[in-house]
Amino acid sequence: MTRAKSLAPLAILGLLFLIPAFTQNPYYLYLICNFFIWAVVAVSLVVNIRTGIFNFASAAFMGIGAYTTAILVVKVGVSFWLTLLIGPLVGAVVAVLIGIPMLRLKGMYFVLVTALFCQIFILTIVSLSEQTGGWFGIAGIYAPTLFGIDLSEKVPFYYLVLVFMSLSFIILYRIWNSYLGKIYAHMGENEALAQSVGVPVTLYKVQSFAVASFFTSLAGCFLAASTSYIEPGMFSFFASIKVWLHAVLGGVTSVFGPILGTGVALGLTEWLRGFLLISPIILGVFVIIVIIFLPRGFISLPEKILYLIERIPRLKEFISRRKS
Amino acid sequence: MDQAYFVQLLINAVMLGLIYTLTALGFTLIFGISRVVNFAHGEIYMVGAFVAYSLVSYGHLPVVLALLLAAVVVGVLGVVLEFLIFRPIRPKQVGTIDELPNVIVSVALIYIIPTAVVLIAGTRERTLPHLITGSVTLGGAIISNERLLIMAVALAIFVGLLLFIWRHRDGRAMVAISQDTEAALLQGVSHQRIISLSFGLGFGLAAIAGALLAPIYFIDVNMGPPVLLKTVIVVILGGIGSIPGTLLGGLLVGFIDVFGQAYLGGSLPTLVAFALVILIMLIRPRGLLGHD
């Protein structure tokens with residue numbers, strides 16, 4: 001990786017840290033926190049996609065994290081920090097439990113079954129309405145104080161989310177580029193081949209699924225604290241579909257793609273909020289046009305531009321002359 | 001248990017089951033041939049109901065004609081959509097991540113279609129006038145002729161589809177493509193033609209299913225998502241790519257819905273359906289009659 005490439009993400013991270021210096025508007029900060037949370041979910045999903053796991057249960061795992069935090073903090077009085085540990089762990093355990101039977105299923109079936117799992121999750125929450133508030137949800141989820149700073153205040157909360165979500169992203173990034181990440185990629189490309197050379201595919205698939213669910217649940221915990229109110233409808237499989245939109249729009253071939261995709265999608269949704277009635281149409285048409293032009297997502301824009309340039313003969317000659 | 005009540009439940013279950021079957025067949029058809037998971041299938045069902053409604057209220061067509069015409073119109077819409085947005089992103093190779101754009105496009109349709117319908121038609125509740133009036137007495141129960149007619153039409157469409165698949169050249173081409181695409185192409189089957197056909201049929205089936213139930217239930221822009229959910233359950237239970245399996249799955253879900261609602265009520269029927277899905281998943285992943 002060239003110097004510039006490795007510095008760019010750090011620069012961006014630095015910028016993110018400085019944002020509260022420019023604006024303290026609670027709504028903007030809330031939007032950016034939302035972006036961090038959904039971006040991490042999208043990145044986790046892309047790690048799964050790379051492994052060949054077409055996971056449509058992201059929303060359910062966000063729900064697991066969110067409800068764990070909500071119930072423990074509001075109803076049981078457990079420390080928020082502890083729930084940040086318990087929530088993702090519950091998510092990972094559930095992922096292992098349902099992963100082992102589900103991951104045996106072939107492509108399309110797995111898609112349908114994970115989508116169904118979101119609905120199962122919602123129904124479960126609703127049936128346990130004693131503990132979970134049923135359809136009405138749980139309110140009053142707040143982050144605690146740390147060293148005297150009330151973390152549920154907008155600016156401190158922003159930093160809280162930024163720290164945890166960027167840590168999550170860094171871990172996922174490291175996994176992606178590690179030896180394990182390469183194994184995942186090989187499995188995703190040709191599972192039979194990987195298995196034939198001795199890769200324990202089931203083990204790694206469950207592991208990948210559990211890791212993604214861990215971070216997705218963690219993001220869910222912060223979602224609960226960010227909106228301070230959660231209800232089952234937030235975690236339907238249509239929410240999972242949103243995550244897929246973010247991931248594929250940005251590009252599933254890199255960890256940065258989903259971040260880009262989430263940013264564009266959320267930004268666009270926000271910008272279109274004024275055009276209330278037709279905004280879904282504009283969004284939908286935008287997505288379709290982008291995907292037709294860039295099937296591999298925004299992240300493939302540079303290579304697409306280069307590809308187009310190559311097709312222009314005079315430009316090609318010009319470039320090759322400049323190269324020599 | 002009151003026999004009359006039981007008969008009514010039975011008729012409803014079969015009727016609903018057949019409708020679910022038709023919808024699921026549309027879904028499975030599109031997936032089997034074009035490898036597209038049509039997440040917007042529920043929305044197409046809804047559009048079918050709305051188009052039928054418009055044909056009746058504004059076109060003043062007789063209801064039964066409106067139903068069939070609605071299916072044709074929406075079927076054509078399917079072919080057009082395939083041409084406009086699914087064809088440009090068709091992957092060169094199946095089973096790769098290049099198939100993902102299809103998912104995104106059908107997801108985009110979930111946003112676009114209901115919004116467009118609201119813009120065109122507004123959000124007030126509507127219902128279709130009855131297909132026919134009158135009722136018969138069956139086994140001590142009073143059954144409306146309308147429900148029987150719906151059952152008959154749904155069954156006729158199902159049988160028609162079967163005949164098409166078995167006898168008609170294009171129908172057999174569809175089976176061939178879904179079983180072994182390369183071999184089918186070698187036999188001279190036009191891939192594009194079959195793909196367009198699958199979209200047209202798939203959309204048309206969803207539309208007529210929606211239109212058929214319209215006289216009984218309210219037509220509402222949000223009736224798409226629950227239909228998608230039911231379709232997914234039917235397909236998992238019955239097995240993708242198996243028509244008899246889809247019929248079995250559809251009837252099963254229909255029975256669970258109707259009898260579950262009658263005896264258990266609330267969201268318990270859905271829970272039962274889910275439990276069944278989990279069971280199938282564990283014991284027989286490819287569905288009751290699936291082959292793939």
Side-chain angles (χ1 to χ4, degrees), chain A residues 46 49-50 52 54 56 98 100-102 104-113 115-120 122-124 126-127 188-190 236-238 241-242 244-249 251-253 261 277-297, chain B residues 28 31-32 35 37 39-40 84-91 94-116 118-119 225-226 228-229 231-233 235-236 239-241 266-268 270-271 273-275 277-278 280-282 285-287 290 292:
Chain A
V46 170
I49 295 180
R50 195 180 212 219
F54 287 10
F56 274 83
I98 69 168
I100 295 179
M102 278 191 193
R104 289 187 291 158
L105 298 176
K106 247 191 37 170
M108 156 81 154
Y109 285 106
F110 183 74
V111 166
L112 298 181
V113 147
L116 215 56
F117 180 67
C118 290
Q119 301 310 114
I120 296 179
I122 291 184
L123 269 186
T124 314
V126 168
S127 356
E189 253 177 80
N190 191 334
S236 73
F237 88 107
F238 286 99
I241 286 177
K242 264 205 320 186
W244 269 82
L245 202 77
H246 299 163
V248 179
L249 199 63
V252 301
T253 47
L277 207 52
I278 54 171
S279 59
I281 294 188
I282 300 180
L283 195 68
V285 171
F286 172 79
V287 166
I288 291 180
I289 293 179
V290 168
I291 227 70
I292 290 181
F293 185 60
L294 292 169
R296 297 216 163 164
Chain B
T28 251
F31 178 74
R35 308 261 320 173
V37 180
F39 284 105
L84 283 180
I85 59 183
F86 285 99
R87 204 181 301 185
I89 54 175
R90 199 184 308 159
V94 281
T96 62
I97 59 166
D98 288 326
E99 279 191 312
L100 293 182
N102 282 328
V103 170
I104 297 310
V105 160
S106 73
V107 165
L109 287 177
I110 300 183
Y111 285 91
I112 296 178
I113 294 178
T115 318
V118 168
L119 279 176
L228 182 65
L229 201 62
T231 306
V232 164
I233 295 177
V235 168
I236 297 181
I240 301 179
S267 35
L268 235 46
T270 328
L271 221 65
F274 286 160
V277 166
I278 296 174
I280 292 284
M281 201 182 56
L282 292 173
R286 48 196 161 87
D292 254 346

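Treat the numbers as computed from the prediction; the structure is a model and nothing was measured. Just so it is clear: chains get the letters A, B, ... in the order the sequence lines come, proteins before strands, and each one is counted from 1.
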### Query
So does D98(B) pair up with R90(B), basic N to acidic O under 4.0 Å?
no
## Note on the structure
Output for pair (I291(A) CD1, F286(A) CZ), nearest 0.5 Å, gives 9.5 Å
### Task
For chain B, find which of S279(A), A247(A), P295(A) contributes the most heavy-atom pairs closer than 4.5 angstrom.
P295(A)
### Task
Name the region of I278(B), side chain, backbone, both or neither, that has any atom closer than 4.5 Å to a heavy atom of chain A.
side chain
## Note on the structure
Looking only at L249(A), I289(A), I288(A), the option with the highest number of non-hydrogen pairs under 4.5 Å against chain B is I288(A)
### Query
What part of P114(B) lies closer than 4.5 angstrom to a heavy atom of chain A: side chain, backbone, both or neither?
neither
### Message
At a 4.5 Å cut-off on heavy atoms, which part of I85(B) comes close to chain A: side chain, backbone, both, or neither?
### Response
both
### Between CZ on residue F238(A) and CG on residue L229(B), distance to nearest 0.5 Å
8.0 Å
### Check: V235(B) and L112(A) side chains under 4.5 Å, non-hydrogen atoms
yes
#### Entry: Choice from P101(B), A116(B), P91(B) maximising heavy atom contacts with chain A below 4.5 Å
P101(B)
### Query
To the nearest 0.5 Å, how far apart are OH in Y111(B) and CG in L245(A)?
6.0 Å
### Whether F56(A) and F39(B) hold their rings parallel, tilted or perpendicular, with breakpoints at 30° and 60°
tilted
### Query
By a 4.5 Å heavy-atom criterion (distance strictly below it), what part of I104(B) contacts chain A: side chain, backbone, both, or neither?
both
